[in-house]
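Right, one structure below, let's go through it.
Hydrogens, waters and symmetry mates play no part in the numbers below; they use all other heavy atoms, side chains included.
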Amino acid sequence: MGFKTGDFPPVDVETFLDKPLRERMKTLALHWVEYGFGTPRMVHTIYLLKMVFVTVLSGVALATWTSGVGPFWDVAAWWNQPVVYQKLVIWIVLLEALGVAGSWGPLAGKFKPMTGGILFYARIGAIRLRPWRQVPFTDGDSRTIVDVVLYLAFLASLLTAMVLPGVSSASLSEALPDNTSGLVNPALLVAPIVLYILCGLRDKTIFLAARGEQYLPALVFFAVLPFVDMIIAGKLLICAVWIGAGVSKFGRHFTNVIPPMVSNSPAIPGSWIKRLNYRDFPRDIRPSKGASYLAHVGGTAVEIVTPLILLFSTNHWLTVAGVVLMVVFHAFIASTFPLAVPLEWNVLFAYLTVFLFLGFPNDSGYGLGDISSPWLAVGLIAALTFFPILGNLRPDKVSFLPSMRQYAGNWASALWAFAPGAEAKLNTLQHRPTLNQVDQLQATGYEPAVAEITMQQTIAWRSMHSQGRGLFSLLYKHLPDIDRWTVREAEFGCNSLIGFNFGDGHLHNIDLINAVQSRVGFAPGEWIVVWVESQPIHRGTQRYQVIDAALGVVERGTWQVRDAVEALPWLPDGPIPHEVTWRRVGYGVPTPPAEPNRVSTPQTVS
């Protein structure tokens, strides 16, 4: 791999797309084992430069300059200043809401342009996805002038809270008499909190993109809690995120996440190390025992045990060890450049770990027992665990982000299948600032066949995860001539339609399909979606849907998670079993046009 040249799969570009889908998936999955996406180092460098200059240096410089502490290069002068802590949280919310933090750039399927976010959210007529039909004044799926004004006001309110100086606080002065920088004015946080909620009720995409499940509670704590309670609540919040994520990794899915995640890491020096995470490369690339150990000892155990130690420890060196371990944990995640690319989130959490547990240790009056009321502690714990508990029991009701299943592998997911030539219809979608990703690649100079093979690497990546085996099984069952269809990874495709995705299949469920269909008008059999919900923590099955964009849901059923986990990614033994629970009367196998058309010609964004 060079700085500008990636590790492209070793295939004959002229003939590879004529091979059966199963053979293509095997070739690309085996290539992923050793090279991941094969991304040129230049792309990783762009991400690192963005993180250093936009996220860290700009954020710290602005936070310290507007707070009267610093200078920003003197870390000892500001790292434990409460107002800087508050402003850095606000800064990351602003970057996420703009679309220049997570789910940004080519690793998230944004090639040209590299930014989604504001290009979609500030555009009248773009697709809007309301979270609940029952909420009044949220009808429709088009972004209106009201939505754009709410969104821009949200950005402005965050920037205002960021740039205005802190104000004195009696509770802060009581705890830290020598502090002169104060806290962010609580009155300035009312607007961001209200607009966070209003934007989210109108469009769940904005709420999730701005990571409202984690940062909205933090803003509420900043606004309403006295200083000591605010710090303790911050500890409870970050521990709820960690422990929730750790609990979500119980089960069969997570072990399948680690091997492809590590294989995609530019920080791993040799392909032989990556192959250690697989049972018997190239014959069997299911996770090895080493991968299982890394997943559940280095992942699950660390995310549950270490936060509990940090929450209750009064021993300085034990706390230091816990802080170091969690900082390394987040650094490891960032080093793998996961496809949602949540680098900013991991950097902020590493800083928050140091600030909360070393800057304000439990034995200095900031332990859980020092909270002003035990009922406040009970209320905070209940509020912070409500959505993770509900989301694991009823994943159909809660996004996987509030459920704290960020890396669990237990995700709602989908694959899209287009009849030959039908995918190009998406490029006629009005008020969309992007083209289909295969066309974006061609617009950056990729040959059509190379662009198509690059996109097929993403579905090979999906096949390496548990739900991918079930989804491909559905495609083989419903589309016997699947080799002639164009198959796309829905998470990537969703990015080009609404400007964001972080692995949440709820963002490309039937609501998105209907929104696109109402604008484009696919004929029956032109766009088939196989979609699966996350596994409830107390059940061994996942519930799926087969959707024809023109007809709606045409089949529902379940599959056993055990069957999906035990299958090889390319399904050499055939599709895994499915139990059909409902099928649309009269639904038959789609018959696409006769001539295949696996590559497309770039068009101009209108």
Side-chain angles (χ1 to χ4, degrees), residues 1-9 28-52 55 101-110 245 249 253-279 281-282 285-300 302-303 325-347 349-350 406-409 411 454 457-458 460-465 468 489 491-492 502-503 569:
M1 184 185 298
F3 184 71
K4 293 185 177 181
T5 305
D7 282 305
F8 191 73
L28 296 177
L30 292 177
H31 179 262
W32 190 285
V33 167
E34 298 187 292
Y35 301 102
F37 214 157
T39 309
R41 300 296 189 194
M42 177 180 67
V43 173
H44 298 119
T45 302
I46 291 171
Y47 277 98
L48 291 175
L49 290 174
K50 176 175 75 80
M51 182 173 65
V52 170
T55 304
S103 190
W104 178 91
L107 292 180
K110 297 181 176 72
K249 293 176 174 62
H253 299 277
F254 182 55
T255 302
N256 291 269
V257 173
I258 291 299
M261 183 179 180
V262 172
S263 288
N264 194 48
S265 173
I268 303 299
S271 58
W272 67 271
I273 298 178
K274 298 176 180 180
R275 291 196 295 267
L276 293 176
N277 287 309
Y278 302 88
R279 292 186 189 180
F281 177 84
I285 63 169
R286 289 172 295 180
S288 66
K289 291 182 179 179
S292 181
Y293 179 86
L294 180 60
H296 292 295
V297 176
T300 308
V302 167
E303 281 192 295
L325 183 57
M326 293 313 297
V327 169
V328 170
F329 179 82
H330 284 287
F332 170 76
I333 296 174
S335 75
T336 66
F337 287 82
L339 295 193
V341 215
L343 303 185
E344 286 75 10
W345 178 81
N346 280 287
V347 169
F349 265 56
Q406 291 90 338
Y407 298 99
W411 308 309
T454 300
Q457 287 182 270
T458 65
W461 168 83
R462 178 61 70 190
S463 76
M464 299 172 76
H465 296 80
E489 216 303 301
E491 178 180 346
F492 264 58
F502 195 84

Atom pair [atom1] ([X]) and [atom2] ([Y]), whose distance is rounded to the nearest 0.5 Å:
X	Y	atom1	atom2	value
Leu276	Leu294	CG	CG	11.0 Å
Thr454	Phe8	OG1	CZ	4.5 Å
Arg41	Phe3	CZ	CZ	10.5 Å
Asn277	Asn256	CG	CG	11.5 Å
Trp104	Ile46	CH2	CD1	6.5 Å
Tyr35	Leu28	OH	CG	14.0 Å

Should [X] and [Y] count as side-chain neighbours, where that means a heavy-atom distance under 4.5 Å?
X	Y	result
Pro40	Lys4	no
Lys110	Ser103	yes
Val302	Met326	yes
Pro287	Ser292	no
Phe37	Pro106	no
Pro266	Thr39	no
Pro259	Met464	no
His44	Leu107	yes

Verify, without hydrogens or angle tests, whether [X] (side chain) and [Y] (backbone) share a donor-acceptor contact under 3.5 angstrom.
X	Y	result
Trp32	Pro260	yes
Ser265	Ser335	yes
Arg462	Glu491	no
Tyr407	Val257	no
Tyr47	Leu343	no

If the plane angle is over 60° it's perpendicular, under 30° parallel, otherwise tilted; pick one for Trp411 and His465. tilted
Evaluate the ring planes of Trp345 and His330, with Trp represented by its six-membered ring, and classify them as parallel (under 30°), tilted (30 to 60°) or perpendicular (over 60°). perpendicular
By side-chain contact (heavy atoms from CB on, under 4.5 Å) - contacts of Tyr293 (at least two apart): Val297
Would you check, one step at a time, whether the test side-chain contact (heavy atoms from CB on, under 4.5 Å) holds for Asn346 with Phe332? CA-CA 9 Å; Asn346 280 287; Phe332 170 76; over 6 Å; no
Please report the shortest heavy-atom distance between [X] and [Y], naming the atom on each side.
X	Y	result
Lys249	His296	O-CE1, 3.2 Å
His31	Asp7	CE1-O, 2.9 Å
Met261	Ile333	CE-CG2, 4.1 Å

Check step by step if side-chain contact (heavy atoms from CB on, under 4.5 Å) holds for Lys274 and Glu34. CA-CA 6 Å; Lys274 298 176 180 180; Glu34 298 187 292; 5.6 Å; no
